[in-house]
Visitor: 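Mind looking over this structure? Questions follow.
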2 protein chains.
Amino acid sequence: MLTDKPYHHGDLRKSLLAAAEAELAERGIEAFSLRAVAKRAGVSHAAPAHHFGDGNGLLTALAAEGFRQFLAAQTAREAVAAPDAASQLVAAGLGYIDFAMQRPALFRLLWGSARPDFGDAELGRAAAASYQHLVDQVTAAGGRTVADESAVWAMAHGLADLLSAGRMLSIGSSAPGDRDAVIAGMLRRCLPGGQGG
Amino acid sequence: MLTDKPYHHGDLRKSLLAAAEAELAERGIEAFSLRAVAKRAGVSHAAPAHHFGDGNGLLTALAAEGFRQFLAAQTAREAVAAPDAASQLVAAGLGYIDFAMQRPALFRLLWGSARPDFGDAELGRAAAASYQHLVDQVTAAGGRTVADESAVWAMAHGLADLLSAGRMLSIGSSAPGDRDAVIAGMLRRCLPGGQGG
DNA sequence: CCTCTATCTTGACGGTGTCAGGATTATGGA
DNA sequence: TCCATAATCCTGACACCGTCAAGATAGAGG
């Protein structure tokens, strides 16, 4: 059928995920509305239930996809960085922060929301893959202790959270090139082999 | 009148703030309900409006009070730390993280929510005081650059956010004493005078 | 004592998530 | 080809939510 509004959507699941991310970006996680997502996708208010169960189910699926893109942002930076382990680890941190600044709403969903079900298998795999990547990078850079691993992570995450929320204006308002250099310097302070810990 | 339910509450404003924090801790910011706060305070659903305007107004007032306690958590750690500037700065970081772990919901309200009105005068003062304290501490410790200031902040904030959300189990699950030592070591990596930046 | 104001309640409105039941379309075996 | 079955989507309903309007009650000041 080629009417204006076919009863079956085609790929509603994908459309709903895209609409959900757009709604998230425009209204924020705290004003997220399942009915608004359905309306944006041009579908009835109860349609999402057949694909995701409830609102948290939709956000769980979106978070799983988000974690994959989060990891991709890190590997994208690594691909254009120097091949030594330290540079690769710094590049991963820059990718971590890229993602947070370019898609702050999604970053919030991944790290600052209780709505996704982190017991979900698919989300669990995506999140674990992203964590494993961190561990591998730190190990390759000579990290041995828990502090080695946690330090770079916390530094990258702290910068990502503060910058994406617009709370760290001193760095956030500078030009991207300068910003990268400053951030890289801070990440390097946390590389394995630092004092303490 | 000494009946069971006097028409006037006495200090409803304070009761509502306490009820709001309890609701926040139990249900999270994303499920925060103004009516539930009113019910917990034993008052009608529209009563909060007379003291705070709307829901965001209540959360704005709660955030202002939260920032004061946030700063107090830092100075409490400083009071029992060595007097040199570096130790004081590390102590402030430990207090930052104490607050996040002991009152995660409130920490989320301060740093991860769009609901408080950060243009509000009282909240602005409280937040600025907390930021100024950081700047003073870093300056006293010999910090000169933006990176000096941002590095300790980001490290403390990253640890606080990840630990309070239960995402950094390697450190979060260890005993408080050991945890403090590890965290202090990581904070020291970010002290002014570090390489880079 | 009486008025004025602050405080709190009740009632209503539209919006939201979720469930039940019905309508429409695709699928796969006869 | 035809039809039963499943998948997909819609309509309607319910309780809860935030907010506004209007009324009731209590305190404060002349």
Side-chain angles (χ1 to χ4, degrees), chain A residues 1-24 26-63 105 109 113-117 120, chain B residues 1-24 26-63 105 109 113-117 120:
Chain A
M1 277 243 278
L2 291 178
T3 71
D4 281 342
K5 289 221 165 189
Y7 199 92
H8 282 356
H9 180 281
D11 196 351
L12 182 54
R13 186 187 156 89
K14 187 177 295 181
S15 296
L16 286 172
L17 286 172
E21 187 181 350
E23 282 288 321
L24 218 55
E26 286 182 15
R27 312 215 296 163
I29 181 83
E30 287 155 336
F32 181 81
S33 157
L34 195 53
R35 282 172 115 107
V37 170
K39 181 174 293 185
R40 181 185 282 261
V43 97
S44 85
H45 64 263
H50 296 274
H51 293 272
F52 302 103
D54 57 5
N56 288 357
L58 203 176
L59 292 173
T60 299
L62 186 59
L109 179 69
S113 173
R115 298 198 61 179
D117 174 17
D120 175 78
Chain B
M1 276 245 278
L2 292 178
T3 71
D4 281 342
K5 287 221 166 192
Y7 201 93
H8 283 355
H9 179 282
D11 195 352
L12 181 55
R13 186 187 157 89
K14 188 177 297 183
S15 296
L16 285 171
L17 286 173
E21 187 182 351
E23 282 288 320
L24 219 54
E26 287 182 13
R27 311 216 296 164
I29 182 82
E30 288 154 327
F32 181 80
S33 157
L34 196 54
R35 283 173 115 105
V37 170
K39 182 175 292 183
R40 181 184 283 262
V43 96
S44 85
H45 65 263
H50 296 274
H51 294 272
F52 302 102
D54 58 4
N56 288 357
L58 203 177
L59 292 173
T60 299
L62 185 58
L109 179 69
S113 173
R115 297 197 61 178
D117 173 18
D120 175 79

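Throughout, a chain's letter reflects where its sequence line sits, starting with A, and its residues are numbered from 1. Atoms considered below: every heavy atom in the structure, side chains included; atoms not considered: hydrogens, waters and symmetry mates.
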Visitor: Would you kindly give the NZ-to-C1' distance between Lys39(A) and dT16(C), to the nearest whole Å?
Guide: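 About 11 Å, once rounded to whole Å.
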Visitor: Quickly work out the Leu58(B) CG to dG18(D) P distance and round it to whole Å.
Guide: 11 Å
Visitor: Taking only the side-chain heavy atoms of Asp54(A) (C-beta and beyond), determine which of dT18(C), dC10(D), dT10(C) contains the nearest atom.
Guide: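 For Asp54(A), the side-chain atoms sit closest to dT18(C).
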Visitor: To the nearest 0.5 Å, tell me how far Leu12(B) CG sits from His51(B) NE2.
Guide: 4.0 Å
Visitor: Measuring from the side chain of Leu12(A) (C-beta onward, heavy atoms only), which nucleotide among dC8(C), dG17(C), dC9(D) has the closest atom?
Guide: dC9(D)
Visitor: Let me confirm one number: the CD-CG distance from Glu23(B) to Leu62(B), rounded to the nearest 0.5 Å.
Guide: 12.0 Å
Visitor: Would you mind classifying the nucleic acid contact of Ala47(A) as base, sugar-phosphate or nothing, using non-hydrogen atoms under 4.0 angstrom?
Guide: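 The answer is sugar-phosphate, as Ala47(A) gets under 4.0 Å only of primed atoms, P, OP1 or OP2.
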Visitor: Could you tell me the separation between the CG atom of Asn56(A) and the C1' atom of dT18(C), rounded to a whole number of Å?
Guide: 12 Å
Visitor: CG of Leu34(B) versus C1' of dC20(D): gap in Å, rounded?
Guide: 13 Å
Visitor: Could you check whether the side chain of His50(A) and the base of dC10(D) have a donor-acceptor pair of N or O atoms closer than 3.5 Å, going by distance alone?
Guide: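 Checked by distance alone, the answer is yes.
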Visitor: Atom OG of Ser33(B) and atom CZ of Arg40(B): how far apart are they, to the nearest 0.5 Å?
Guide: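 Answer for the OG-CZ pair, Ser33(B) versus Arg40(B), is 11.0 Å.
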Visitor: Main chain of Ala41(A), side chain of Ser15(A): is a donor-acceptor contact present, judged purely on distance under 3.5 Å?
Guide: no
Visitor: In whole angstroms, how far is the P atom of dT16(C) from the CD atom of Glu30(B)?
Guide: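 After rounding, the gap between these two atoms is 17 Å.
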Visitor: How many Å lie between CZ on Arg115(B) and C1' on dT19(D), as a whole number?
Guide: 13 Å
Visitor: Starting from the 5' end of DNA chain D, give me the residue, Arg27(B) or His51(A), whose nearest nucleotide shows up first.
Guide: His51(A)
Visitor: If you take atom types as modelled and just measure distance, does the side chain of Arg35(A) reach the base of dT18(C) with a donor-acceptor pair under 3.5 Å?
Guide: yes
Visitor: So, taking the atom named CG in Leu24(B) and the one named CD in Glu30(B), what distance separates them when rounded to the nearest 0.5 Å?
Guide: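 Result: 10.5 Å between the selected atoms.
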Visitor: Look at Ser33(B) and dG18(D) and indicate whether a side-chain polar atom (N or O) is within less than 4.0 Å of OP1 or OP2.
Guide: yes
Visitor: How close or far is atom P of dC17(D) from atom CG of Leu59(B), stated in whole angstroms?
Guide: 15 Å
Visitor: For His45(A) and for Gly53(B), find the nucleotide of DNA chain D with the closest heavy atom, then tell me which residue's nucleotide is more 5'.
Guide: His45(A)
